[in-house]
Amino acid sequence: MSRTFPLEKVRNIAIIAHIDAGKTTLTERILYYTGATYKIGGVDEGTTVTDWMAEERKRGITITSAAITCHWRDYRINIIDTPGHVDFTAEVERCLRVLDGGVVLFDAVQGVEAQSETVWRQADRYNVPRVCFVNKMERVGASFERTVGMIESRLHAKPLSIQIPIGAEDTFQGVIDLIEKKAYSLDGDREQAITEISIPETYLAKVNEARHNMIEKLAEADDHVLTSYLDGIELSNEDIRSAIRRTTIAAKLVPVLCGSALTNRGVRLLLDAVGRYLPSPSDMPPTRAVDYKNNNEVIRQVSDEEPFTALAFKVVTDPFVGRLVYFRVYSGEIKSGDQVFNTARGKPERIGRLFLMHANRRDEIETADTGSIVATLGLKNTFTGDTLSSMAQPVLLESIKFPEPVISIAIEPKSRADQDKMGEALRKLSEEDPTFKVTYNEETGQIVIAGMGELHLEIISHRLFSEFGVSANVGTPRVAYKETVTLSVEAEGRFVRQSGGRGQYGDVWLSVEPTGRGGGFEFVDRIKGGTIPRNYVPAIEAGVKEALEAGVVAGYPIVDIRVTVFDGSYHEVDSSEMAFKMAGSMALKNGVQKAKPVILEPIMKMEVITPKEFLGDIIGDVSSRRGHIESIDTHGDICIIQSLIPLSETFGYATSLRSQTQGRANHTLEFNSYQEIPASLAKEVAERTGMAKYA
């Protein structure tokens, strides 16, 4: 079957940045100039294509990633507009896992911000080639040179400026292309050519110097350019572009462009850069997978002729068509009605209708070929991170790892009718969002929902009310504390019940030891000599895991622990799996109590950006909240404070910061690590609870 579009002309990209850098505004301009929309939407007016959810339009922020497809010159560009708020970092994570390139936006006034670093690290983790766009050059305080310097110093990247701005702030007129040595002003209407202007006389020397620096950087990173440079051979514009493409795909350099999405400057040149410098699926390495049948590593070439292999990266419940599963095709092709194998679940699935997505709009297609990002109906047992492959040659791709929730609240329906609706609504929401967890606390009889931050849970609560019509009481935020041990000990658990007939007998000896922060849970079987029959060991492990979830000190899950079963005894008649499960649970609890257990609390990395005059007050406030100042950077009259602070101390901090600084400072939070809570607060933490009304 012939391809629907040449593979080398496909670009799968994400637009990623700190919150308020202008991602959605830029995406709207891209859609307009590529002809995907007939007019430009505005974030403030709530008329953007990609921010289509009611909560997004109400708050003016992106909450969920939106996929759109557009065409620029002879390229097909699949774009995913991602959220910038740290509470929705999972959306960025799963998008970068399946994309080939990224456009990283920076606010020309703020430069590299806290979430800029987070998304950059995520892109590094998946080896995603990037181009940078320094946005908002028209704003007061904008500086292209400072932002490029921050990309180098804070992100440890190697930026390659291929443009420089003409002016800044209210004098910003346009950009100068250093490759062609041409200046451009407004992008204008899409039917018109981009406005070319003459380079101002005062910029000629600066352009020559900047172009020379650009070629020197290219020579350091590319052997072809270095040879020509040393031989004194003049490089053509096409030679320079080819070198930029090679070094970008190899992640040796990051091209940097500039402009203003809001005033329609530099967007078309950015689209040209996406096509010229970011990779197509065929430029990426072959996909590594694990053979489902024999567990050997296999390679899937980027080709339609290879067996079908795809990764599901997003699940959405559409109110009109039902459950949509988004997936990226790495090899082969698939048609509506084909049967595929979900290797993560070990179940066959049948592909329903296939769609190219335009945010919440859909264009139905018959075939999805290699490099496509599409959505489908009909996959009932497929979830985020699952692999879909051919029935004949099933393989398993590496899944997507998501951070654990750090904050939780209790929620209860107001009526029996709400109870049924809430169960279904929470199931759908947890399928959509892998960082949103729902658990049932048997001791309190409460449903507990957990997420990445206050805003995350607030939006979930509002969606329950507005989208699903559920009335509920929602508790005050609770921190997701953990427990762990600090000593290595041995403990016994005996479960013996004699009641006349057949009894219950299980006797287990365990050793319990810490694995260190982030070490996770490990269960080791060291039974020798048949002291416990092998068929009872899984029951012991199940009892241990059950006790870990319930906790010992304050009912919080126990983490970072190694449990080794090494001895015990059994009764030929009375022993059973249930008896050994109970014995394993009892032994674990006994061991943890003896191993000096402690409570761990989530520590957040907080960045505060404030005018210098409020620096002292903010430092004092952070210290009073048990925060630790790590660094203070000064840029003119602005100070950037980096600190580590317990999550429990950050509730209500936004209001406090506004009152201290007359609303002129802002802050961002992201999860850093778990640390032991001070002993003086441990008892208070163990007893803390609360419920409040939500209408």
Side-chain angles (χ1 to χ4, degrees), residues 16-22 84 102-121 123-124 129-169 171-172 174-179 202-203 205-221 244 247-248 251-261 265-266 269-270 273 277 607-612 615 630-642 666 668:
I16 55 177
H18 184 91
I19 192 169
D20 286 338
V103 175
V104 189
L105 254 67
F106 297 94
D107 185 325
V109 180
Q110 305 293 349
V112 175
E113 300 174 84
Q115 193 64 8
S116 309
E117 294 185 52
T118 302
V119 297
W120 194 272
R121 286 197 302 270
D124 281 343
R130 279 145 275 178
V131 298
C132 297
F133 186 73
V134 180
N135 193 25
K136 302 188 179 184
M137 284 300 304
E138 84 288 0
R139 295 272 300 277
V140 175
S143 171
F144 178 73
E145 292 78 10
R146 185 184 72 235
T147 303
V148 173
M150 291 175 75
I151 293 172
E152 190 164 15
S153 61
R154 290 188 64 172
L155 302 179
H156 308 292
K158 293 185 177 177
L160 180 75
S161 299
I162 61 175
Q163 293 177 352
I164 59 172
I166 304 174
E169 303 179 353
T171 63
F172 177 60
V175 299
I176 300 172
D177 185 328
L178 296 178
I179 300 169
T202 53
Y203 274 80
K206 186 177 182 179
V207 168
N208 289 329
E209 182 186 358
R211 192 174 194 276
H212 179 75
N213 292 338
M214 176 186 70
I215 293 173
E216 275 195 342
K217 275 195 172 185
L218 275 174
E220 291 173 8
I244 295 173
T247 54
T248 301
K252 293 180 180 178
L253 295 172
V254 185
V256 184
L257 300 90
C258 60
S260 166
R265 288 183 170 95
L269 297 177
L270 175 63
Y277 308 131
E607 179 180 274
V608 180
I609 301 173
T610 176
K612 192 181 292 184
L615 180 62
E630 287 203 306
S631 66
I632 300 173
D633 295 326
T634 304
H635 299 284
D637 290 333
I638 299 296
C639 291
I640 301 172
I641 307 164
Q642 302 279 359
N666 59 69
T668 55

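Just so you know, these numbers use all the heavy atoms, side chains as well, and skip hydrogens, waters and symmetry mates.
In this structure, the side-chain contact (heavy atoms from CB on, under 4.5 Å) partners of A219, at least two apart in sequence or on a different chain, are V225, L226, Y229. For R139, the side chain to side chain donor-acceptor pair (under 3.5 Å) test picks out no residue, with sequence neighbours left out. Annotation: side chain to side chain donor-acceptor pair (under 3.5 Å) contacts of N208 (sequence neighbours excluded): K181. Residues forming a salt bridge (charged side-chain N to carboxylate O under 4.0 Å, His left out) with R130 (at least two apart in sequence, or on another chain): D124. Partners of Q110 by side chain to side chain donor-acceptor pair (under 3.5 Å), not counting sequence neighbours: none found. For E169, the salt bridge (charged side-chain N to carboxylate O under 4.0 Å, His left out) test picks out no residue, with sequence neighbours left out. By the salt bridge (charged side-chain N to carboxylate O under 4.0 Å, His left out) test, E138 pairs with no residue at all, sequence neighbours left out. Taking K612 as the reference, nothing meets the salt bridge (charged side-chain N to carboxylate O under 4.0 Å, His left out) condition, with sequence neighbours excluded. Considering only residues two or more places apart in sequence or on other chains, L178 meets the side-chain contact (heavy atoms from CB on, under 4.5 Å) condition with I164, V207, A210, M214. Remark: A251 engages no residue in a side-chain contact (heavy atoms from CB on, under 4.5 Å) (not counting sequence neighbours).
Summarising the geometry, atom CD belonging to Q163 is positioned 5.0 Å from atom SG belonging to C258; distances are rounded to the nearest 0.5 Å. Distance check, rounded to the nearest 0.5 Å: OG of S161 to CZ of R211 gives 14.0 Å. Separating the CG atom in L269 from the CD1 atom in I176 is a distance of 12.0 Å, to the nearest 0.5 Å. Going from atom CG of L270 over to atom CG of L105 covers 8.0 Å, rounded to the nearest 0.5 Å. Separating the CG atom in L253 from the CD1 atom in I244 is a distance of 8.5 Å, to the nearest 0.5 Å. For the atom pair CG (D633) and OG (S153), the distance works out to 8.5 Å, reported to the nearest 0.5 Å.
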Working note: F106 + L155, criterion side chain to side chain contact (heavy atoms under 4.5 Å, CB included); need CA distance, chi angles, decisive distance, verdict. CA-CA 12 Å; F106 297 94; L155 302 179; 3.8 Å; yes
**Request:** Decide side chain to side chain contact (heavy atoms under 4.5 Å, CB included) for D20 and D107; before the verdict, give the C-alpha distance in whole Å, the side-chain angles of both, and the deciding distance to 0.1 Å.
**Result:** CA-CA 8 Å; D20 286 338; D107 185 325; 5.9 Å; no
### Query
So V140 and V109, side chain to side chain contact (heavy atoms under 4.5 Å, CB included) or not? Walk me through it.
CA-CA 7 Å; V140 175; V109 180; over 6 Å; no
Step-by-step side chain to side chain contact (heavy atoms under 4.5 Å, CB included) determination, L257 to Y277
CA-CA 12 Å; L257 300 90; Y277 308 131; 5.9 Å; no
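A pairwise comparison of heavy atoms in G111 and M150 identifies CA-SD, 3.9 Å as the closest pair. Residue V256 comes nearest to P159 through the heavy atom pair CG2-CB, 3.6 Å, listed as atom of the first residue, atom of the second, then distance. Residues F133 and S260 come closest through the heavy atom pair CZ-N, 4.2 Å. Here the closest heavy-atom approach between residue A17 and residue A21 is recorded as CB-CB, 3.7 Å. Across every non-hydrogen atom of G259 and F172, the tightest pair is CA-CZ, 3.9 Å.
Proximity of D177 to I162: side-chain heavy atoms (C-beta onward) are nowhere separated by under 4.5 Å.
Applying the salt bridge (Lys or Arg N to Asp or Glu O under 4.0 Å) test to residues at least two apart or on different chains, the pairs with a partner in residues 142-164 are E117-R154, E145-K206, R154-E607.
With Y203 contributing its side chain and G167 its backbone, the two residues share a donor-acceptor pair below 3.5 Å.
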